Amino acid sequence: MTPTIQLAPLAGITDWPFRLLCFEQGCDCATTEMVSAMGYLCAPKQQATVSLLTRAPGEPRLILQLFGKEPELMARAAAELSACGRFDGIDLNMGCPAHKVACSGEGSGLMRTPEVARRIMEDVVRASCLPVTVKCRLGWDAEHINVLDFARMAEDCGVAGIAVHGRTRQQMYAGEADWDMIARVKQHVSIPVIGNGDIFTAEDALRRLRETGVDGVMIARGALGNPWIFHQIQDALSGRSPCQPTLREKVDMALRHYDMLLGWKPEHVAVGEMRKHIGWYLHGVRGAAQLRAQINTMNDPAQVRDTLLNLVGEATEE
């Protein structure tokens with residue numbers, strides 16, 4: 001079976017414009033930014049919630065990610081959102097390491113309360129008319145690695161698959177992802193296992209797939225400013241040599257991304273959000289640090305556009 005190459009949910013990043021660019025480059029499946037079950041139930045028509053639930057035409061397979069710690073509220077939200085006809089599955093966030101999430105008992109905090117996690121899984125599986133998956137970490141910290149028991153519990157609850165980030169909550173994003181443990185999870189359960197952590201190149205993806213036998217990989221930081229990674233991995237899987245984008249292609253993608261955000265959000269919001277994306281698109285470009293600092297002072301999209309196009313022109317003249 002061909003492994004699936006997925007885009008990980010990233011708060012403040014994986015909105016529909018970014019997801020759509022990744023899909024166009026060969027991403028098989030994406031997950032929304034995490035949506036609070038309580039927030040949705042209390043204010044389903046609030047603009048922030050509506051934005052998180054937006055699915056663009058052309059997104060072939062989109063999973064909705066929910067977070068929360070109250071089983072009843074998670075089940076109610078899953079029931080409503082799975083029945084709306086907009087998504088292809090429900091994913092339960094049990095891996096977010098952010099302090100305000102994890103330390104309130106949500107996200108990766110649920111790995112410290114497996115009895116609550118079990119109730120959430122059972123209730124959501126019963127309530128949802130769509131397949132339910134879970135994304136988690138290895139455990140809370142190095143002294144409490146419980147992902148094997150957690151994965152088996154998820155399987156027993158009827159969860160259709162599990163994505164494992166190969167770090168503990170305490171590690172956040174430091175150190176190296178432990179793919180040996182991800183491989184052990186794959187051997188421990190019969191449901192599909194998706195590996196996540198430190199996939200920055202097509203070679204990374206192929207090596208991890210080969211070494212662990214996982215059913216797919218989930219790309220997070222490796223896709224920032226680099227939606228081409230999905231095309232590169234698909235090429236590598238097909239035996240073709242992955243190609244790197246040119247500077248012109250990077251700038252064209254950044255400008256298209258900019259236009260999509262400007263067409264969807266208020267200009268001042270789009271300008272602020274694109275600053276981080278442009279920084280990622282320019283990673284590895286000569287003089288990128290100075291250029292990022294310059295662009296971060298600009299509030300006029302036309303000025304940003306001219307600056308990026310001038311960069312291409314200068315490079316062509318050299």
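Remember, it's a predicted structure, so these values are computed and weren't measured experimentally. Both backbone and side-chain heavy atoms feed into the values below; hydrogens, waters and symmetry mates do not.
Side chains of Leu110 and Thr113 form a contact here, defined as non-hydrogen atoms less than 4.5 Å apart. Inter-residue side-chain proximity for Cys136 and Val164 is flagged as met; some heavy-atom pair is nearer than 4.5 Å. Put simply, the side chain of Arg292 does not reach to within 4.5 Å of the side chain of Ile295, judged on heavy atoms. Contact annotation: the side chain of Leu81 never approaches that of Arg86 to less than 4.5 Å [non-hydrogen atoms, C-beta and beyond]. In this structure, the side chains of Glu115 and Arg119 stay at 4.5 Å or more apart for every pair of heavy atoms. Proximity of Thr307 to Leu311: side-chain heavy atoms (C-beta onward) are nowhere separated by under 4.5 Å. Between Thr32 and Leu52 there is no side-chain heavy-atom pair separated by less than 4.5 Å.
Under a 4.5 Å side-chain heavy-atom criterion applied to ILVMFWY residues, the cluster that includes Met34 comprises Phe67, Val101 as well.
Residues in residues 33-44 take part in these side-chain hydrogen bond (donor to acceptor under 3.5 Å, both in side chains) pairs, two or more places apart or across chains: Tyr40-Glu80. Within the structure, side-chain hydrogen bond (donor to acceptor under 3.5 Å, both in side chains) contacts touching residues 93-102 (residues at least two apart or in different chains) are Gln65-Asn93.
A distance of 7.0 Å separates CG in Leu209 from CD1 in Ile199, rounded to the nearest 0.5 Å. Separation of atoms CG (Leu237) and OG1 (Thr2) is listed at 7.5 Å; rounding is to 0.5 Å. The structure places CD1 of Ile219 at 4.0 Å from CD1 of Ile233, a figure rounded to the nearest 0.5 Å. Expressed to the nearest 0.5 Å, how far CD of Gln303 lies from CG of Asn310 amounts to 10.5 Å. One finds the CD1 atom of Ile278 at 14.0 Å from the CE atom of Met253 (value rounded to the nearest 0.5 Å). Here the straight-line distance linking atom CZ of Arg275 with atom OG1 of Thr297 works out to 7.5 Å at 0.5 Å rounding.
Formation of a donor-acceptor pair under 3.5 Å by the Glu155 side chain with backbone atoms of Ser190 is found in this model. Judged by distance alone, the side chain of Ser108 and the main-chain N or O of Cys96 form a donor-acceptor pair under 3.5 Å. Proximity of a side-chain donor or acceptor of Asp215 to a complementary backbone N or O of Val193 within less than 3.5 Å is detected. Formation of a donor-acceptor pair under 3.5 Å by the Arg61 side chain with backbone atoms of Asp28 is not found in this model. Judged by distance alone, the side chain of Asp235 and the main-chain N or O of Gln232 form no donor-acceptor pair under 3.5 Å. Put simply, the side chain of Thr4 never gets that close to the backbone of Gln6: no donor and acceptor are under 3.5 Å apart. A side-chain donor-acceptor contact under 3.5 Å links Lys69 to the backbone of Ser104. No donor-acceptor pair under 3.5 Å is formed between the side chain of Arg169 and the backbone N or O of Cys103.
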| request: Take Ile5 and Val217, measure what side chain to side chain contact (heavy atoms under 4.5 Å, CB included) needs, and give me the verdict at the end. | output: CA-CA 5 Å; Ile5 312 303; Val217 293; 3.8 Å; yes
| side-chain hydrogen bond (donor to acceptor under 3.5 Å, both in side chains) between Gln47 and Ser51, worked out | CA-CA 6 Å; Gln47 185 55 46; Ser51 294; 3.1 Å; yes
| message | Quick one, Asp178 with Arg184, criterion salt bridge (Lys or Arg N to Asp or Glu O under 4.0 Å). Give me CA distance, side-chain angles, the key distance, then yes/no. | response | CA-CA 10 Å; Asp178 186 347; Arg184 290 183 61 189; over 6 Å; no
| request: Walk me through it: do Leu7 and Phe23 pass the test side chain to side chain contact (heavy atoms under 4.5 Å, CB included)? | output: CA-CA 9 Å; Leu7 173 64; Phe23 276 125; over 6 Å; no
| Does the pair Gln170 and Thr168 meet the rule for a side-chain hydrogen bond (donor to acceptor under 3.5 Å, both in side chains), with working shown? | CA-CA 5 Å; Gln170 186 181 55; Thr168 65; 5.1 Å; no
| request: Verify side chain to side chain contact (heavy atoms under 4.5 Å, CB included) between Lys135 and Thr31, making sure each step is shown before the conclusion. | output: CA-CA 11 Å; Lys135 189 171 190 294; Thr31 307; over 6 Å; no
| request: Begin from the C-alpha positions of Thr212 and Lys186 and carry the test side chain to side chain contact (heavy atoms under 4.5 Å, CB included) through to its verdict. | output: CA-CA 8 Å; Thr212 65; Lys186 174 58 185 173; 5.8 Å; no
Pairs of donor and acceptor atoms involving the side chains of residues 9-18, under 3.5 Å and at least two apart or interchain, shall be tabulated with distances.
unit_1 : atom_1 : unit_2 : atom_2 : d
Thr14  : OG1    : Leu10  : N      : 3.0
Thr14  : OG1    : Leu10  : O      : 3.2
Asp15  : OD1    : Phe18  : N      : 3.4

Give the table of side-chain donor-acceptor pairs shorter than 3.5 Å for residues 221-228, with sequence neighbours excluded, one pair per line with atom names and distance.
unit_1 : atom_1 : unit_2 : atom_2 : d
Arg221 : NH2    : Asp198 : OD1    : 3.3
Asn226 : ND2    : Gly222 : O      : 3.4

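The two residues Leu130 and Gly89 make their nearest non-hydrogen contact at CD1-N, 3.7 Å. Nearest heavy atoms, Asn146 versus Gly139: OD1-CA, 3.4 Å. The minimum heavy-atom distance between Leu262 and Pro301, with the atom names listed, is CD1-CB, 3.8 Å. Across all non-hydrogen atoms, the minimal contact from Pro60 to Gly58 is CD-O, 3.0 Å. Among all heavy-atom pairs drawn from Ile229 and Thr201, the shortest one is CD1-N, 3.9 Å. Shortest non-hydrogen contact noted between Thr49 and Pro44 is CG2-O, 4.0 Å.
Under the side chain to side chain donor-acceptor pair (under 3.5 Å) test applied with Glu273, the options His257, His268, Lys265 reduce to a single match, Lys265. Among Leu261, Leu255, Asp259, the one residue that satisfies the side-chain contact (heavy atoms from CB on, under 4.5 Å) test with Met274 is Leu261.
Note: the hydrophobic cluster containing Met111 also contains Val124 (ILVMFWY, side chain heavy atoms under 4.5 Å, direct or indirect links). Met218 is not connected to Leu92 by any chain of hydrophobic side-chain contacts under 4.5 Å among Ile, Leu, Val, Met, Phe, Trp and Tyr, and they are in different clusters. Under the 4.5 Å side-chain heavy-atom criterion for Ile, Leu, Val, Met, Phe, Trp and Tyr, Ile63 and Ile191 are members of distinct hydrophobic clusters. The cluster map of Ile, Leu, Val, Met, Phe, Trp and Tyr, joined by side-chain heavy atoms under 4.5 Å apart, puts Val125 and Val134 in the same cluster. No continuous path of hydrophobic side-chain contacts links Val269 to Val304 [ILVMFWY only; heavy atoms under 4.5 Å].
Between Arg208 and Asp204, none of the side-chain N atoms (NZ, or NE/NH1/NH2) sits under 4.0 Å from a carboxylate O, so this pair counts as no salt bridge. Using a cut-off of 4.0 Å between Lys/Arg side-chain N and Asp/Glu carboxylate O, Arg207 and Glu203 are scored as not salt-bridged.
Between Trp280 and His283, the ring center distance fails the sub-6.0 Å criterion.
Cation-pi contact between Arg137 and Tyr173: present, with separation from the ring centre below 6.0 Å and deviation from the ring axis of at most 45°.
Residues that satisfy the side chain to side chain contact (heavy atoms under 4.5 Å, CB included) test with His188, not counting sequence neighbours, are Leu148, Arg152.
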